[in-house]
J.: 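Okay, handing you the structure first.
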Number of protein chains: 2
Amino acid sequence: MSAVGKSANIFWQECPVGKLDRQKLLKQKGCVVWITGLSGSGKSTLACTLGRELHSRGKLAYVLDGDNLRHGLNKDLGFSAEDRAENIRRVGEVAKLFADAGLICIASLISPYRKDRDSCRSILPDLSFIEVFMNMPLDLCEARDPKGLYKLARAGKIKGFTGIDDPYEPPLNCEIEIQEEENGVCPSPCAMAGQVVGYLEEKGFLQV
Amino acid sequence: MSAVGKSANIFWQECPVGKLDRQKLLKQKGCVVWITGLSGSGKSTLACTLGRELHSRGKLAYVLDGDNLRHGLNKDLGFSAEDRAENIRRVGEVAKLFADAGLICIASLISPYRKDRDSCRSILPDLSFIEVFMNMPLDLCEARDPKGLYKLARAGKIKGFTGIDDPYEPPLNCEIEIQEEENGVCPSPCAMAGQVVGYLEEKGFLQV
């Protein structure tokens, strides 16, 4: 036990069972799959399909959905620039805990700004933050508009909507990019999940 | 998918793999073991020993330590009454996520006020919030003073310290109470952990 951080009165408690022990129990490596992209780009679909695919392989995954967390942990936050950053910061911290617990944590958030995503990456151990960029054209996302939000944003009823009157900053060095096939067809949910599972397998996350 | 809550623009995403599926995979039931008590009452010791004991039985547990979280998720919070309440609220929300993920989540926080603990209980499914009260006399905790905090509080260098110049409200209906034996001897870490494991076993949390 030692005193660290800003206050000399907050200690750090180390427990005898650590991440490696939990990973051995689960036969997998804890990590964060961070899915970023425009509203309507398929983040939630990928998150759920990936969660199901991993579960079918006997792996423990858990989805942190940005919208869902706004009903609980982040219900005190709005959509100001500051609150959005805090929203992402908290999800990043919780994702880190899940990865430390040994789970494959699937975070699904628009997370439009590079610096917020990079902050989340920076608090995780090397290589265990896997950024997945849903690289879908705006017009496709807007045509889908599964929640009717683009319509509201175009009508001026939602301000600061990513892609309409607020920027989306694409990742510069993401681990995985999901995009339309050459013929302009979107990959199926299973194909998208397969791409991520392939990466996790290749990098050794699905075994210890 | 449906719109809920305060804002019509925040949706709820339901995934095909749910808590029951994860519990089946883990062969256990997700829950929160919430350890409350004075500084020096043995919360962290119990949390770690319980974590080890569960791990040795092949169960997946994860410790949320109040102090540790103040270095990450809750690093923006201080010790005002408002910040303390928010600290506990967030830990409760994260514990809920871990329980939903199927883990036995062990939360270890002084959490001195009944209403804050009861709020955490209220967001969890029935029976899955297990409050453990470390019922140790103040003079014993103060004699132990593992972090030297009582000394600082008595010297007036820490204000609002639970047990000294801020109240601790004992639980009225906790599931488990850890106390001195009749001869005034403290139970050993293993005995304390055994008491909790016995409860979890009896209530069926260690199987599905």
Side-chain angles (χ1 to χ4, degrees), chain A residues 1 3-7 9-17 21-22 25-26 44 47-49 51-52 54-56 58-76 78-79 86 89-90 93-94 96-98 100-103 105 108 123 146-149 152 158, chain B residues 1 3-7 9-17 21-22 25-26 44 47-49 51-52 54-56 58-76 78-79 86 89-90 93-94 96-98 100-103 105 108 123 146-149 152 158:
Chain A
M1 196 167 67
V4 287
K6 280 187 245 173
S7 166
N9 300 329
I10 309 176
F11 289 75
W12 185 269
Q13 181 69 37
E14 203 60 62
C15 266
V17 178
D21 303 296
R22 288 184 289 269
L25 181 69
L26 292 171
S44 297
C48 285
T49 312
R52 191 173 49 195
L54 289 170
H55 186 80
S56 76
K59 302 302 168 190
L60 185 66
Y62 192 67
V63 174
L64 293 179
D65 180 278
D67 274 3
N68 291 7
L69 288 175
R70 279 187 175 276
H71 297 289
L73 178 65
N74 296 337
K75 70 178 173 188
D76 55 322
F79 290 89
E86 174 64 8
R89 186 190 76 80
R90 289 190 203 165
E93 291 284 359
V94 173
K96 178 187 178 173
L97 295 173
F98 272 100
D100 185 55
L103 282 80
C105 180
S108 165
I123 60 170
K147 304 173 189 171
L149 298 177
L152 291 171
I158 305 178
Chain B
M1 196 168 64
V4 287
K6 281 185 242 174
S7 166
N9 300 328
I10 310 177
F11 289 75
W12 185 267
Q13 181 69 38
E14 203 60 60
C15 266
V17 178
D21 304 296
R22 289 184 289 269
L25 181 68
L26 292 170
S44 297
C48 285
T49 311
R52 191 172 50 195
L54 290 169
H55 186 81
S56 77
K59 300 303 167 190
L60 185 65
Y62 192 66
V63 174
L64 294 179
D65 179 279
D67 273 4
N68 291 8
L69 288 175
R70 280 188 175 274
H71 297 289
L73 178 65
N74 296 337
K75 70 178 173 189
D76 55 322
F79 289 89
E86 173 64 8
R89 185 190 75 80
R90 290 191 202 164
E93 292 284 359
V94 173
K96 178 186 177 173
L97 294 173
F98 272 98
D100 185 55
L103 282 79
C105 181
S108 163
I123 60 170
K147 303 173 188 170
L149 297 177
L152 291 170
I158 304 177

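We name chains A, B, ... by the order of the sequence lines, and we start the count at 1 in each one.
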J.: For the rings on F98(A) and F98(B), is their centre-to-centre separation under 6.0 Å?
T.: yes
J.: Without swapping roles, check the side chain of R90(A) against the backbone of N74(B) for a donor-acceptor pair under 3.5 Å.
T.: no
J.: With a 4.5 Å heavy-atom cut-off, do L97(A) and L97(B) have their side chains touching?
T.: no
J.: Identify which part of I123(A) has an atom lying under 4.5 Å from any heavy atom of chain B, answering side chain, backbone, both or neither.
T.: neither
J.: Heavy atoms only, distances under 4.5 angstrom: which of V94(A), V17(A), L73(A), L64(A) has the most pairs with chain B? Name it, please.
T.: L73(A)
J.: Is K96(A) in contact with chain B via its backbone, its side chain, both, or neither, using a 4.5 Å heavy-atom distance?
T.: neither
J.: For E86(A) and D76(B), run side-chain contact (heavy atoms from CB on, under 4.5 Å): C-alpha distance rounded to whole Å, both residues' side-chain angles, the deciding distance at 0.1 Å, then the answer.
T.: CA-CA 10 Å; E86(A) 174 64 8; D76(B) 55 322; 3.6 Å; yes
J.: Could you report the tightest heavy-atom contact between D21(A) and H55(B), atom names first, then the distance?
T.: O-CE1, 3.2 Å
J.: To the nearest 0.5 Å, what is the distance between CG on L103(B) and CG on L103(A)?
T.: 5.5 Å
J.: What part of D65(A) gets closer than 4.5 Å to chain B, counting heavy atoms only: side chain, backbone, both or neither?
T.: side chain
J.: Please determine, among A47(B), G51(B), S44(B), G102(B), the option with the most heavy-atom pairs under 4.5 Å with chain A.
T.: S44(B)
J.: Tell me which of these, D67(B), N68(B), L152(B), has more heavy-atom pairs under 4.5 Å with chain A than the rest.
T.: N68(B)
J.: Of the listed residues (T49(B), L69(B), I158(B), D100(B)), which shares the most heavy-atom pairs with chain A below a 4.5 Å separation?
T.: D100(B)
J.: Heavy-atom distance under 4.5 Å to chain B: side chain of L26(A), backbone, both or neither?
T.: side chain
J.: With chain A as the partner, which of A61(B), G58(B), P16(B), G78(B) has the greatest number of non-hydrogen pairs under 4.5 Å?
T.: P16(B)
J.: Looking at every non-hydrogen atom in both residues, tell me the closest pair between R89(A) and G72(B) and how far apart they are.
T.: NH1-O, 3.2 Å
J.: Please report the shortest heavy-atom distance between V63(B) and C15(A), naming the atom on each side.
T.: CG2-SG, 4.2 Å
